[in-house]
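What follows is one structure encoded as structure tokens, with my remarks underneath.
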Amino acid sequence: MTKETIRYDDAIVRRFVTATIVWGAVGMLVGLWCALQLAMPRLNVAPLFTFGRLRPLHTNAVIFAFAGNAIFAAVYYSSQRLLKARPLDRLSSIHFWGWQAIIVAAAITLPLGFTQGKEYAELEWPIDVAIAVVWVTFAVNFFAMVRNRREKHLYVALWFYIASIVTIAVLHIFNNLVIPAGLFKSYSIYAGVEDAFMQWWYGHNAVAFVLTTPFLGLMYYFLPKAAERPVYSYRLSILHFWSLVFIYIWAGPHHLHYTALPQWASTLGMIFSVMLWMPSWGGMINGLLTLRGAWNRVAEDPVLKFFVVGLTFYGMSTFEGPMLSVKSVNALSHYTDWNIAHVHGGALGWVGFMTFGMIYWLAPRLFQTKLYSKQLATAHFWVATIGIVLYVLAMWVAGITQGLMWRAFDDTGHLQYPDFLETVTRLLPMYWVRALGGSLYLTGLFLGAYNIFKTWKARPEHYEVIDVVVPPMIRAARAPAAGEPRSLARAAEPPVHWHRTWEGLPALFTTLTIVAVLVASAFEIVPTFLIGDNVPRIKSVKPYTPLELYGRDIYLREGCYNCHSQMIRPFIDETVRYGRNGKPAEYSKPGEFVYDHPFQWGSKRTGPDLAREGGRRDELWHLRHLEDPRSTSMGSVMPSYPHLLADDIPWDVIQPRVDAMAMLDVPYDAQALAQAGTLARAQAEQVGKALVTNGGPKGMETKEVIALIAYLQRLGRDIQLAPAPQGGAP
Amino acid sequence: MIRLSELVSALTPAHYAELSLVVFLAVFTGVLVRHGGKRRAAEHAWCARLPLAEDTGDEAGEGAGDDGDPAGGRR
């Protein structure tokens with residue numbers, strides 16, 4: 001049999017490993033800064049480096065730069081060897097540099113306030129287009145390897161890679177459909193309930209197909225390599241894959257329990273989230289049992305230490321996730337730091353440790369020398385582990401404390417902690433412990449970076465190029481003889497198990513994966529968009545005025561949604577807390593949000609909910625609060641926004657933004673469509689006069705703060721004008 | 001002809017949850033039945049050894065053909 005020679009491209013893997021470490025350090029350093037800002041608000045440096053602008057930078061850097069580059073390193077290293085094929089060098093290069101350019105663009109634009117205002121999907125449309133292009137480049141490169149492979153069977157790790165590649169493309173495209181209103185400004189084509197649904201369909205599946213399935217692929221390849229044992233059960237891996245891919249896609253609505261999302265969708269999300277326990281733990285068990293007979297090596301091998309604890313955190317996170325999706329638990333946990341604990345258990349423990357385990361295993365092979373220091377790697381492991389434990393414990397305590405304080409009533413039937421601020425300042429000690437835990441984790445990363453750097457320094461002058469000789473792939477049992485029908489030749493092949501057949505047919509396998517993902521999505525998305533009763537209109541709800549629209553854009557730009565929700569859940573403690581004059585507030589209705597492109601329900605309440613903020617306080621209070629929150633709210637951890645009092649409103653951008661909203665069927669009248677800037681100036685004059693009447697400074701009517709105040713004063717006003725509902729609260 | 005919007009509007013939310021559960025359980029049961037038995041154990045064992053063989057260009061594990069691969073280790 002003629003043999004073929006392949007030369008694997010390890011240079012691209014070295015690049016992605018380096019990028020993983022560099023961006024990991026940047027992303028986690030920003031995260032630590034954010035953590036410290038919550039404990040020490042003076043660390044907010046407006047306008048560029050406030051918590052609201054840095055937190056998206058932190059999440060995007062860790063998810064798409066640290067984890068993203070780690071995924072690419074894993075895919076390029078393992079796929080070449082599993083498929084016995086080399087990627088296309090030019091596409092690899094475009095992929096690497098394109099991805100790094102996107103990260104740099106994100107690092108520049110997010111602090112500048114260019115954002116879509118949707119969590120984990122903040123990047124504006126030109127960068128989104130670039131992401132789509134680079135992702136397609138990656139996909140073409142990957143499938144070119146699959147096409148040129150010499151190993152017909154697709155190993156289980158490759159299935160997870162395929163599912164990730166196709167699903168991320170689908171999620172990214174559909175959640176980022178926008179109408180541009182400028183080079184770095186756009187509005188989501190979805191509004192309110194539908195936007196919330198799409199966002200968390202995307203958001204949860206970003207967790208699934210960026211932070212879970214590619215790392216499961218990584219686990220299925222690198223863990224057997226490190227343990228020098230085959231995966232415990234290949235059969236279990238098949239069950240693991242299909243059930244995970246099929247179930248995960250349904251679970252997104254559990255992020256929206258008790259919101260204005262229809263209850264059926266929320267319940268469906270909860271059911272499938274609970275079902276996720278099964279495949280998730282199947283995968284964890286499969287990973288841990290792969291170490292059967294090798295547990296003695298865990299004590300001395302830092303690579304296996306990282307993998308074992310990473311898998312353990314995977315098990316813990318995938319236990320905690322379904323638990324948090326149960327409605328009664330979610331009622332307490334949602335909007336609190338409990339979610340932050342959950343996310344970081346998965347990100348630091350599962351994603352981080354699997355990545356570090358992979359890098360330590362790869363380093364000697366990529367740099368063709370011994371790892372600089374095994375002791376240092378072990379120190380990295382222990383420092384980081386202690387860091388995660390401190391971080392997660394602190395946030396568990398903070399989350400449960402805050403959730404209980406929000407809902408506590410005293411013996412007289414009044415809220416025990418009516419001042420929201422009290423439920424924040426109580427958490428400050430926990431925020432310091434969190435910062436300590438994060439510092440330890442970051443210290444571990446720096447130890448690792450130093451270790452890898454020293455390993456790289458000891459590399460040979462020229463990397464030895466290894467030619468791997470493989471037999472060419474036999475694509476059929478035998479070619480048909482001259483004149484013989486192909487079907488006859490096929491009939492002569494030995495019988496093959498149906499799943500093995502799929503595994504050797506990547507196009508069919510990929511199609512089936514897409515179908516599994518799309519069918520599940522369609523079950524939820526189609527009814528959400530087509531059942532008219534899901535979003536009953538409220539006559540009194542009108543579009544934002546041009547000035548309020550610009551104020552809302554400032555709200556997005558400053559990242560206020562990172563700390564404030566706009567969603568009163570139908571709980572007595574919430575309607576009482578956000579009511580006024582002793583009268584409970586209306587809980588939030590779907591019809592209130594029909595002009596919200598994008599929705600701003602939020603996912604965390606470091607500050608109070610703002611859905612009923614309009615008219616609660618006068619304009620001067622808002623101005624003082626935005627200028628220096630501690631002047632009106634002693635102990636507040638909110639950043640100061642003095643630039644809003646200094647920067648002029650760019651009146652000329654208002655008209656294109658109103659026009660863009662009109663394209664989304666927001667019913668602006670002819671005057672707004674012709675003279676939005678003039679209308680905005682007129683309303684700004686009124687707000688400015690109200691400020692002066694209350695004793696505030698003169699000359700503010702041209703400043704950005706006026707627009708933001710106008711927006712805040714509008715929140716919840718329309719529902720107050722609605723006729724009283726019949727039948728009472730649910 | 002009935003429109004899609006009329007069809008989905010005619011169903012109650014509970015129908016969607018029930019339908020989705022039935023679809024899931026049917027698919028999962030199908031995969032479980034096909035893979036739950038021991039008939040394919042040798043074949044699965046061969047597949048599981050793939051990562052351990054790739055650097056050298058060997059076939060899946062030493063003696064792959066003896067390890068259950070119906071096509072003699074190379075497919």
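Note: hydrogens, waters and symmetry copies are ignored here, and every other heavy atom, side chains too, is used. Per chain, numbering begins at 1; letters A, B, ... match sequence-line order.
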Exercise. Which pair of heavy atoms, one from Ala48(B) and one from Pro230(A), lies closest together, and at what distance?
Worked result: O-CB, 3.5 Å

Problem set entry | Contact class of Ile247(A) relative to chain B, heavy atoms under 4.5 angstrom | side chain

Problem set entry | Pair Ser233(A)-His44(B), side chain to side chain contact (heavy atoms under 4.5 Å, CB included): steps then yes or no | CA-CA 8 Å; Ser233(A) 168; His44(B) 289 151; over 6 Å; no

For this session: First locate atom NZ of Lys84(A), then atom CG of Leu50(B), and finally report the distance between them rounded to the nearest 0.5 Å.
Result: 7.0 Å

Exercise. Under 4.5 Å between any side-chain heavy atoms of Glu43(B) and Tyr234(A), yes or no?
Worked result: no

Problem set entry | Nearest-0.5 Å distance that lies between atom SG in Cys47(B) and atom CD1 in Ile238(A) | 7.0 Å

Problem set entry | Partner residues of Arg86(A) under the salt bridge (charged side-chain N to carboxylate O under 4.0 Å, His left out) criterion, sequence neighbours left out | Asp89(A)

Exercise. Do Lys225(A) side-chain atoms and Pro51(B) backbone N/O form a donor-acceptor pair below 3.5 Å?
Worked result: yes

